[in-house]
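This report concerns only the one structure given below.
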Amino acid sequence: MTGGTAPGSVALVTGASRGIGRATALALADAGHHCILTARTPGGLEETDDLIARRTGRPATLLPMDLRDGTAIDALGPSIAARFGRLDVLVHCAAMLGVLTPVTHMRDTDWEATLAVNATATWRLIRTAAPLLAHATAGRALFLTDGHAARPASFWGMMAASKAAMEAVVLTWADEIGPDSALRVNLYDPGPVATRLRVQAMPAADLSTLPGPDEAAAAIAALCRPDERRHGRRIAAPARA
């Protein structure tokens with residue numbers, strides 16, 4: 001199969017109200033996918049939809065939701081099946097930083113919320129989307145991760161633990177699928193990117209030295225192409241000089 005998007009292809013993108021999620025939605029829409037977009041903020045989703053419509057002449061499908069709501073995630077697969085009958089691409093961009101604090105100072109509520117968005121939501125997204133992705137001609141599932149999952153650092157325990165759990169679930173699923181399936185599942189670590197989450201983590205950081213969300217989105221869209229053969233990999237953006 002060539003690298004072109006299949007006619008009628010449908011992509012689900014989480015965290016699509018801003019940052020890498022929004023840029024990814026735009027890149028996938030530019031590639032010809034109909035995009036189903038989720039995020040907590042309806043206003044941000046509507047802004048993304050406006051951008052997509054201006055660039056492609058086609059609207060997106062907007063599903064405002066909080067990924068801590070497991071029932072809402074569980075309904076995604078059946079809802080997409082009923083409305084579109086297919087799902088070709090899943091990109092999970094939504095993430096929660098948590099609180100940067102010593103392990104001994106972590107609060108129950110912060111820990112549980114961070115695990116819910118970064119780890120539990122990943123498992124539920126896989127479970128609800130897997131039947132549709134498995135029937136796609138060239139299903140693609142990509143999950144954004146973070147360098148702290150592989151290299152924990154002081155005060156980053158919530159992010160590191162939640163993303164490490166996410167990576168374990170994703171790579172286990174990829175192993176269970178096996179290399180002979182048409183479905184390809186990977187992790188992508190974009191490295192430091194000029195986003196609001198980066199500002200939240202490091203308020204004094206100079207974002208002018210970092211790549212923007214569009215650069216990460218271009219790499220993500222390429223990993224979702226039907227001719228991309230990598231599977232069960234943790235793929236990292238090239239280091240910048």
Side-chain angles (χ1 to χ4, degrees), residues 13-25 38-41 43-45 47-48 64-70 72-73 91-126 142-172 186-217 219-220 234-241:
V13 182
T14 72
S17 62
R18 62 176 185 261
I20 295 176
R22 170 178 287 178
T24 297
T38 78
R40 286 186 297 173
T41 54
L45 284 178
E47 291 173 2
T48 304
M65 69 170 60
D66 189 329
L67 290 180
R68 292 172 292 185
D69 183 348
I73 298 176
V91 182
H92 183 25
C93 294
M96 179 172 284
L97 175 65
V99 178
L100 302 183
T101 186
V103 169
T104 53
H105 294 180
M106 290 181 185
R107 296 181 300 183
D108 294 7
T109 52
D110 297 327
W111 171 265
E112 290 163 4
T114 306
L115 266 289
V117 172
N118 296 346
T120 305
T122 296
W123 156 62
R124 287 187 177 273
L125 284 166
I126 289 170
L142 193 72
F143 300 81
L144 261 66
T145 188
D146 184 271
H148 290 93
R151 299 177 300 279
S154 297
F155 311 123
W156 283 80
M158 288 187 199
M159 171 66 87
S162 60
K163 287 294 188 177
M166 186 198 78
E167 291 196 4
V169 170
V170 170
L171 295 179
T172 298
N186 291 295
L187 295 156
Y188 180 65
D189 177 4
V193 177
T195 63
R196 186 182 301 182
L197 193 67
R198 188 73 179 176
V199 173
Q200 183 184 349
M202 300 178 177
D206 180 6
L207 298 188
S208 67
T209 65
L210 300 179
D214 289 348
E215 186 172 321
I220 292 166
R234 188 186 194 282
I235 302 164
R240 293 168 66 91

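Worth saying up front: this structure is predicted, and the values here are computed from it rather than measured. Starting from 1, each residue takes its place in the sequence as its number.
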### Task
Assess whether atom CZ of R40 is packed by more than 12 heavy atoms of other residues, nucleotides or ligands within 6.0 Å.
no
### Task
Return the minimal non-hydrogen interatomic distance between L144 and M166, and the atom names on each side.
O-CE, 3.2 Å
### Query
Is the side chain of T48 donor-acceptor paired with the backbone N or O of R22 at a distance under 3.5 Å, no angle test?
no
### Query
Roughly how far apart are C93 SG and L142 CG, rounded to 0.5 Å?
7.5 Å
### Task
Of all the heavy-atom pairs spanning A160 and P152, show the shortest one and how long it is.
CB-CB, 4.2 Å
#### Entry: Non-hydrogen atoms of A236 and Y188 that approach each other most closely
C-CE1, 4.3 Å
### Full working for side-chain contact (heavy atoms from CB on, under 4.5 Å) between M158 and D110
CA-CA 8 Å; M158 288 187 199; D110 297 327; 3.5 Å; yes
### Task
Check whether any side-chain heavy atom of T41 sits under 4.5 Å from a side-chain heavy atom of P64, and report yes or no.
no
### Message
So, using side-chain hydrogen bond (donor to acceptor under 3.5 Å, both in side chains) as the criterion, who are the partners of T24 when residues are at least two apart?
### Response
none
### Message
side-chain contact (heavy atoms from CB on, under 4.5 Å) for T120 and L67? Distances and angles first, verdict last.
### Response
CA-CA 9 Å; T120 305; L67 290 180; over 6 Å; no
### Query
Once you round to the nearest 0.5 Å, how far does OG1 of T114 lie from CD of E112?
10.0 Å
### Query
Looking only at heavy atoms, what is the nearest atom pair of D146 and D189, with distance?
C-OD2, 3.9 Å
### Message
As a quick check of understanding, evaluate side-chain contact (heavy atoms from CB on, under 4.5 Å) for L125 and T14, giving each step before the final call.
### Response
CA-CA 10 Å; L125 284 166; T14 72; 4.0 Å; yes
### Message
Can you tell whether the side chains of E47 and R18 come within less than 4.0 Å, N to carboxylate O?
### Response
no
#### Entry: Whether N118 side chain and M96 backbone form a donor-acceptor pair below 3.5 Å
yes
### Query
Under the side-chain contact (heavy atoms from CB on, under 4.5 Å) criterion, do F143 and V169 qualify, and how do the steps go?
CA-CA 11 Å; F143 300 81; V169 170; over 6 Å; no
### Query
Does the side chain of R234 come within less than 4.5 Å of V170's, by heavy atoms?
no
### Task
Calculate, to the nearest 0.5 Å, the distance between atoms CG and OG belonging to L100 and S154 respectively.
11.0 Å
### Query
For A121 and V117, which heavy atoms make the closest approach, and how far apart are they?
CB-O, 3.3 Å
### Message
Minimum heavy-atom separation for A165 and A119, please, with both atom names.
### Response
CB-CB, 3.9 Å
### Query
Under a 4.5 Å cut-off applied to non-hydrogen side-chain atoms, are V91 and I220 in contact?
yes
### Query
Which of these, T122, L97, L115, sits in a side-chain contact (heavy atoms from CB on, under 4.5 Å) with S162?
L115
### Query
Using 30° and 60° as the class limits, which term best fits the ring planes of W156 and H148: parallel, tilted or perpendicular?
parallel
